[in-house]
Visitor: 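Please read through the structure below; I'll follow up with questions.
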Amino acid sequence: MSDDQRLRENLSKLRALETCLGQHRISGPDVRSLMGSILREIDETILPRKVEFINNAGGALQFDVAGRRLLRVSGGTSDEGVDLKGELIGNALSDIDSPLVSALFSKLTELLSKTEALTVISEKTEGETDPSEIGCSAESLARAWGLDLYRTAKNDFKDVVRNLVTACADDAIAWIQLDSTKTTSSGGDPDKLEPLTQISQKQIAKFDAHLMQSPGDQATLGCLVLGPRSGNSPSLLYARYDETRAFVIITGESVSRVLSIWKELCSGS
Amino acid sequence: MDILDQLTTLRTHTPGCTLVAFSDLSSGVVLCASSAVKQRQERLDSICAVAAELLDGEAARIASDVLASDESSTIDEAVTLNAANSRIFIRSGQEKNDALCCVCSANMDINGFIGQARVTLQEIATNQ
């Protein structure tokens, strides 16, 4: 091998190494776990950088990040390779309650729903960051989306439905708890159990649909309460995490308390 | 005070509330909406469709059948909570086809908000 060839090979190896330094992989068992990893990437980014997350199908989202805050979604492509368009792309984030934050949640859910790993590419951003752009902190995004930045979501939520049923046992007129479509426990007024079983066998998809943000979402954590005007009449509660679900008929006066319990369980507090 | 002002008062007095829409459930039309940022018509149509389904549609019928006691029960309130937000749908006590559709943060005080929303619905019905 000539000196010239040896030099070319070494240069090629150095270029490959340089690429690897700005790239790494993150993985997780589900959407929420991956979303938590993305937020941790943001939380660990101090200097202005462009960070791109690419799923196994080639779908991607690019973020402008600085000071542990997400400034904006600067671009992205769908799994089919089509450039993403719409209000989310290019507009500065600042208000955690803005529809842009909800839109980002939907877009991330879409990106993460069919993958268990992401390639992360991080590059320095040229030029100064506009000081008027405050963005949203990773912590506030985690709070808004019910994630704990410092814990593994899968472990936090796996018992959330069971814990809810246990916590509202005194307020429940009847309940049925399911793992996938199999009943794992039930109790309360026997006359009410039959209709609850019927719903759980035939109508689950309808209830799941209402936990989604938008069509196509893979919302696996949520609850829904339907009832007459607040007061003494009972309400129907449906709660879900992953394949664990529960239908509970709760007394009218306990709706508020049960919803508070759900929120506490989901916030991990 | 017109309807938009009433909706805006409800929204701005509730931390984390981004949208309050006054809708006609029978026609599936948002009649008036107050929002922190401009909302696309498709989003308003979509949230009104969810309200119609949860308060008057198949989901409401299923829930009503399960809850049914001697008195016929209609579904007047629906709340969905997920990681991103709370969505609250409340039927007017005066006009059965009128409803408020609200989008708020996930950690808001739902019970307090429903009470305020009911006052707003009553004021709208009184002024109509």
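Within every chain, numbering begins at 1; the chains are lettered A, B, ... in the order of the sequence lines, protein sequences first and strands thereafter. Predicted, not measured: the structure shown is a model, and the values here were computed from it.
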Visitor: With a 3.5 Å cut-off and sequence neighbours excluded, list the donor-acceptor pairs that the side chains of residues 171-178 of chain A form with protein atoms.
Guide:
residue	atom	partner	partner atom	Å
A:D171	OD2	A:R257	NE	3.1
A:D171	OD2	A:R257	NH2	2.2

Visitor: Output the distance between atom OG1 (A:T109) and atom CG (B:N82), rounded to the nearest 0.5 Å.
Guide: 9.0 Å
Visitor: I'd like to know whether CG of A:D170 has more than 12 heavy-atom contacts from other residues, nucleotides or ligands below 6.0 angstrom.
Guide: no
Visitor: Does any backbone or side-chain atom of A:F207 lie under 4.5 Å from a heavy atom of chain B? Answer side chain, backbone, both or neither.
Guide: side chain
Visitor: Against chain B, work out which of A:L141, A:L196, A:L236 has the most heavy-atom pairs shorter than 4.5 Å and name it.
Guide: A:L236
Visitor: Can you list everything that forms a side chain to side chain contact (heavy atoms under 4.5 Å, CB included) with A:K206? Sequence neighbours excluded, please.
Guide: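 Once residues adjacent in sequence are excluded, the partners of A:K206 under the side chain to side chain contact (heavy atoms under 4.5 Å, CB included) criterion are A:Q203, B:E58, B:I62.
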Visitor: Carefully, step by step, assess A:K263 and B:I110 under the rule side chain to side chain contact (heavy atoms under 4.5 Å, CB included).
Guide: CA-CA 11 Å; A:K263 284 192 284 189; B:I110 292 171; 4.1 Å; yes
Visitor: Which residues in residues 17-42 of chain B have any heavy atom lying under 4.5 Å from a heavy atom of chain A?
Guide: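 So the qualifying residues are B:T18, B:V37, B:Q39, B:R40.
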Visitor: Show me, pair by pair, the donor-acceptor contacts under 3.5 angstrom made by side chains of residues 82-95 of chain A, not counting sequence neighbours?
Guide:
residue	atom	partner	partner atom	Å
A:N91	ND2	A:E87	O	2.5
A:D95	OD1	A:D97	N	2.9

Visitor: Determine the sole option in B:V79, B:I75, B:T80 for which the side chain to side chain contact (heavy atoms under 4.5 Å, CB included) test with A:L226 is passed.
Guide: B:I75
Visitor: Let me know if A:S260 has heavy atoms under 4.5 Å from chain B in its side chain, its backbone, both or neither.
Guide: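 For A:S260, neither part sits under 4.5 Å from chain B.
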Visitor: Can you see which heavy atom on A:P195 is nearest to which on B:V66, and at what distance?
Guide: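 For A:P195 and B:V66, the tightest heavy-atom pair comes out as CB-CG2, 4.0 Å.
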Visitor: Under 4.5 Å, counting heavy-atom pairs only, tell me which of A:S256, A:A239, A:S98 racks up the most with chain B.
Guide: A:S256
Visitor: Could you tell me which of B:V103, B:L55, B:D109, B:L54 has the largest number of non-hydrogen atom pairs under 4.5 Å with chain A?
Guide: B:L54
Visitor: State, to 0.1 Å, how close A:H210 and B:R87 come at their nearest heavy-atom pair, and which atoms those are.
Guide: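 Looking at all heavy atoms of both residues, the closest pair is O-NH2, 3.2 Å.
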Visitor: Measure across A:S235 and B:L67 and return the closest heavy-atom pair with its distance rounded to 0.1 Å.
Guide: C-CD2, 3.6 Å
